[in-house]
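These notes are about the structure you will find just below.
Computed from a predicted structure; not experimentally measured.
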Amino acid sequence: KKLLEKGDKPRNIAVLYRNNMDSSHLENELRMRKIDYTVSSGASFFKRKEIEAILCYLRLLQDEEDGDSFDKIFKFRTYPTKFFPNRLYEDIQRYAMDKSISLYQAFTEFNYSDYRHEKSVKTFNSIINKIRMNYTINRNLKQVIEMIINDFQFEEYIEDKYKGLEVDDRKESLDNLLKFVKGHTIESFLEYAYMSMDKPQEVKDKNTIQLMTIHKSKGLEFDTVFVIGVKDGKFPSERGEIVEEARLFYVAVTRAKNNLFINQIGSYNKFIVEYVGEDNGLYKIPQLRV
């Protein structure tokens, strides 16, 4: 914000991070300060698969007639509908059209030949009703989202679908979502989230701050670069080869033409000690201020 007030052009400022997950708090802060930004490849926090699914559950709680939200929930295939075959869903869709009712109503009314499917529908409906009642009584959105994550077994879904570091990243995204909801109702939060999902597209060709992973920044240069989330265990990653992590750090810091800001988390970091100190390389580059 100080750089912009001084007259720097937003397009000449980039914020780089090790993983997409690291952008979530940054996006929130930029929106609060009304600073336009573009996320490279449109990978906005709210467009992540598990986050968008939770938004669809909120939409369904708000309006059972919302066919698009139910369609996305069903295709997400978390508990208890994970084993529903596609052909059965097609039958439910036809039933909804024939009866001129919503997809969710058709889902609950359909005559299932397999008792396991019927049991899953009753479980799904019971969870939705329980969460809706909880929100009606307590008006606590954070608690509602926690119930969605737990009752529809999002963490188990992530463990089934992904491997390695991506499991941790996607679970962390669930935790990060809860930090966005303070002071929101379902209605205001959905408005906030979908506005955020549209923003990178809206400002795509404008003069905006550039947010991207370090991998995406290869070959690019900016007057000012912020490298965020430098923390032992995360960057360098405890699961990555240290040589490869060091190469990635080199890519990040060499994107800056004039000014480089490095966000170190904690009091010690291997990269900061080895590469940033006054006796080391970065301070010896004449045109670069670190």
Side-chain angles (χ1 to χ4, degrees), residues 1-4 6 8-31 33 35-48 164-166 168-170 172-173 176 196-197 199-265 269-272 274-276 280-290:
K1 188 173 183 181
K2 289 178 181 177
L3 291 172
L4 295 178
K6 193 180 74 175
D8 288 17
K9 292 182 179 179
R11 68 164 62 92
N12 293 331
I13 301 172
V15 187
L16 311 181
Y17 32 85
R18 175 69 175 79
N19 299 305
N20 276 318
M21 189 55 51
D22 297 329
S23 74
S24 57
H25 298 297
L26 178 63
E27 289 188 59
N28 192 34
E29 293 297 327
L30 289 173
R31 284 193 297 273
R33 287 162 174 73
I35 298 174
D36 283 341
Y37 62 89
T38 300
V39 182
S40 178
S41 78
S44 178
F45 176 75
F46 290 107
K47 287 188 176 180
R48 292 167 190 166
L165 282 173
E166 193 166 8
D168 295 335
D169 285 344
R170 289 183 180 273
E172 188 177 348
S173 74
N176 285 341
S196 302
M197 290 171 73
K199 181 168 283 292
Q201 187 64 34
E202 290 172 2
V203 302
K204 185 176 180 181
D205 299 319
K206 295 182 182 178
N207 188 17
T208 62
I209 305 293
Q210 304 296 304
L211 313 185
M212 65 188 73
T213 63
I214 297 167
H215 284 99
K216 285 282 182 184
S217 73
K218 290 179 179 178
L220 303 176
E221 286 188 322
F222 303 90
D223 286 344
T224 299
V225 169
F226 292 81
V227 181
I228 67 171
V230 180
K231 176 184 180 183
D232 278 358
K234 281 193 78 170
F235 190 32
S237 170
E238 60 187 3
R239 298 191 182 185
E241 293 289 337
I242 189 61
V243 173
E244 290 304 316
E245 293 293 301
R247 285 174 181 162
L248 199 57
F249 185 71
Y250 174 81
V251 169
V253 300
T254 53
R255 300 310 92 200
K257 291 192 288 186
N258 296 311
N259 302 305
L260 174 65
F261 295 85
I262 300 176
N263 161 229
Q264 174 185 345
I265 301 174
N269 178 271
K270 186 176 183 67
F271 288 162
I272 302 300
E274 294 192 9
Y275 304 129
V276 182
N280 297 312
L282 289 176
Y283 278 92
K284 296 178 182 179
I285 303 174
Q287 78 280 12
L288 184 64
R289 293 196 308 121
V290 180

Could you give the side-chain donor-acceptor pairs of residues 217-230 under 3.5 Å, partners two or more places apart or in another chain?
residue: Ser217; atom: OG; partner: Ile214; partner atom: O; Å: 2.7
residue: Thr224; atom: OG1; partner: Asn259; partner atom: ND2; Å: 3.3

Checking Arg11 against Thr38 for the side chain to side chain contact (heavy atoms under 4.5 Å, CB included) test, could you report, in this order, the C-alpha distance in whole Å, the side-chain angles of both residues, the deciding distance, and whether it holds?
CA-CA 9 Å; Arg11 68 164 62 92; Thr38 300; over 6 Å; no

Sub-4.5 Å side-chain heavy-atom contact between Asn269 and Pro236:
yes

Pair Phe271 and Phe235, ring centroids less than 6.0 Å apart
yes

Kindly determine whether Lys1 and Lys6 satisfy side chain to side chain contact (heavy atoms under 4.5 Å, CB included), including the steps that lead there.
CA-CA 9 Å; Lys1 188 173 183 181; Lys6 193 180 74 175; over 6 Å; no

Quick one: does Ser237's side chain have a donor or acceptor within less than 3.5 Å of a partner on Lys234's backbone?
no

In this structure, CZ of Arg255 is separated from OH of Tyr250 (nearest 0.5 Å) by 8.0 Å

Roughly how far, to the nearest 0.5 Å, is the CG atom of Asp169 from the CD atom of Glu166?
7.0 Å

Which value, rounded to the nearest 0.5 Å, describes the distance between Lys270 atom NZ and Ile242 atom CD1?
5.5 Å

Any chance you could lay out the side chain to side chain contact (heavy atoms under 4.5 Å, CB included) test for Phe261 and Val15, step after step, and finish with the verdict?
CA-CA 9 Å; Phe261 295 85; Val15 187; over 6 Å; no

Do Asn176 and Asn28 make a side-chain contact, defined as non-hydrogen atoms from C-beta onward lying under 4.5 Å apart?
no

Report the residue from Asn12, Leu26, Ile35 that forms a side-chain contact (heavy atoms from CB on, under 4.5 Å) with Ile209.
Ile35

Ile262 and Phe249: side chain to side chain contact (heavy atoms under 4.5 Å, CB included), yes or no, with the steps?
CA-CA 11 Å; Ile262 300 176; Phe249 185 71; 4.1 Å; yes

For Glu29 and Glu27, indicate whether the former's side chain and the latter's backbone hold a donor-acceptor pair under 3.5 Å.
no

Using every non-hydrogen atom in the two residues, find where Leu4 and Lys9 come nearest and quote the distance to one decimal.
CD2-C, 4.5 Å

Are Leu16 and Lys216 close enough that some pair of their side-chain heavy atoms sits under 4.5 Å apart?
no

Can you measure from CD (Glu238) to NZ (Lys231) and round to the nearest 0.5 angstrom?
10.0 Å

